[in-house]
Amino acid sequence: MIIVLKPGTTEDQLQHIVERIDALGLKAHLSRGTYRTIIGVIGDETKLQSTPLAAIPGVAEVVPILPAYKLASIEAHPLPSVVDVAGVKIGGGHLAMIAGPCAVESPERMDAIAAAVRSAGANILRGGAFKPRTSPYGFQGMGEEGLRILRDVGDRYGMPIVTEVMDPRRVELVEQYTDMFQIGARNMQNFPLLTEVGRSRKPVLLKRGMSATVKDLLMSAEYILSQGNAGVVLCERGVKGFDTLARNMFDVAAVPLLKTLSHLPIIVDPSHACGRPDIIPACALAGLAAGADGVHIEVHNCPEEAFSDGQQALLPEQYAQLAQQMRGLAELLGKTVSPLPEAVA
Ligand code: PEP
Ligand code: MN
């Protein structure tokens, strides 16, 4: 960390800053220039993160050398991480194709959609049992019954499953059923929830908050990693924009940007980013072309009857066509769609 002092900082102020650094067990190296004095701080930077150095009189600027998202950073782990979701690999050239309805609605519906996405080549099945709805009057999900249905159907088709957990008190319950937790956009900064899934050893799909910066997303990942759970997969799902024609603004640049900062796999969710089936396939392919490690798509066999997000669901045949294009692009990029853990008849 480098501390830049204000012009005219007194010797007493300088001394005080050095004393504060010493008290933290760090070393201060002074460099006096003609116009400015700077202090290089040597030692464990994490000790300084909760110290408001910028509030000390005489300090103009505090410049960290290492990012605050230490464990998530590329410096900590220069090679791409590969996250294993019950046998399906994500990252390091392995692509996830996550598909399924927004919400688990019934055993029959879940079965039909799973059969369709599996035959199209999806390798992880999704479905929400606890739904974060803007309106308290909207369908809130089937709860534990939904988890049971998703688990059964996943097992029947040999597909790992991912489902959202919204409440730290439900992590234990959801963990009994799922192969991967989903932390939704609205909960990206629910720190007790992040800590709780961090204590689990099941992988976590962490969605970017709709108003969160790329660094905010990495700081949230850090919460999970700091608890010892290394299985974090990031997800770009669109941020709030000013244009009302699409549901959100798909920030495709976040994908290569995250690759410069972090070793964690990053997938894209063009369903929630776009909110319209007519532009989802193009954005899915753009995400892959930008370096994403997977694509997350909502699919429904009768969108007009869907309990949530029917307006953005791809029909099974639209998904099958997209899946074929994704495989073609993956080959071009030298990546492979992770096979299902074991062939199921
Ligand atoms: C979802 O995956 O259905 C969902 C609610 O996503 P997000 O948290 O990205 O809005
Ligand atoms: Mn949804």
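Heavy-atom basis, side chains included; hydrogens, waters and symmetry copies ignored. Whatever order the structure lists ligands and atoms in, that order sets their numbers, starting from 1.
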Could you go through Gln15 and Asp12, starting from their C-alpha distance and side-chain angles, then the distance that decides it, and tell me whether this counts as side chain to side chain donor-acceptor pair (under 3.5 Å)? CA-CA 5 Å; Gln15 208 44 49; Asp12 280 356; over 6 Å; no

With sequence neighbours excluded, give me every side-chain hydrogen bond (donor to acceptor under 3.5 Å, both in side chains) pair touching residues 279-297. Arg126-His296, Lys259-Asp293, Asp269-His296

Are Val252 and Val268 close enough, and set up right, to give a side chain to side chain contact (heavy atoms under 4.5 Å, CB included), and what steps lead you there? CA-CA 8 Å; Val252 73; Val268 290; 5.8 Å; no

State whether [X] and [Y] are salt-bridged, where the test is any N-O pair (Lys NZ or Arg NE/NH1/NH2 against Asp/Glu carboxylate O) under 4.0 Å.
{"X": "Asp216", "Y": "Arg208", "answer": "no"}
{"X": "Arg151", "Y": "Asp155", "answer": "yes"}
{"X": "Arg327", "Y": "Glu331", "answer": "no"}
{"X": "Glu305", "Y": "Arg109", "answer": "yes"}
{"X": "Glu11", "Y": "Arg32", "answer": "yes"}

Of the side chain and backbone of Gln182, name the one, both, or neither that has a heavy atom under 4.0 Å from an atom of ligand 1.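 For Gln182, only side-chain atoms sit under 4.0 Å from ligand 1.
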
Which residue and non-hydrogen atom of the protein lie closest to [atom], and at what distance in Å?
{"atom": "atom 3 (O) of ligand 1", "result": "Lys131 NZ, 2.9 Å"}
{"atom": "atom 6 (O) of ligand 1", "result": "Lys207 NZ, 2.9 Å"}
{"atom": "atom 4 (C) of ligand 1", "result": "His272 NE2, 3.4 Å"}
{"atom": "atom 8 (O) of ligand 1", "result": "Ala185 N, 2.7 Å"}

Are any of the N/O atoms in [X] less than 3.5 Å from those in ligand 1?
{"X": "Arg186", "result": "yes"}
{"X": "Cys102", "result": "no"}
{"X": "His296", "result": "no"}
{"X": "Arg237", "result": "yes"}

Is there a donor-acceptor contact under 3.5 Å from the side chain of Ser271 to the main chain of Glu298?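 A pair under 3.5 Å: yes.
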
Whether Asn123 side chain and Ser338 backbone form a donor-acceptor pair below 3.5 Å: yes

In one Ile/Leu/Val/Met/Phe/Trp/Tyr side-chain cluster, 4.5 Å: Ile21, Leu30: yes

Protein N, O or S atoms lying under 2.8 Å from the Mn ion (ligand 2), listed by chain and number: Cys102 SG, His272 NE2, Glu298 OE2, Asp309 OD2

Distance filter under 4.0 Å to Arg126 heavy atoms, resulting ligand 1 atoms: 1 (C), 2 (O), 3 (O)

Sub-4.0 Å atoms of ligand 1 with respect to non-hydrogen atoms of Gly184: 8 (O)

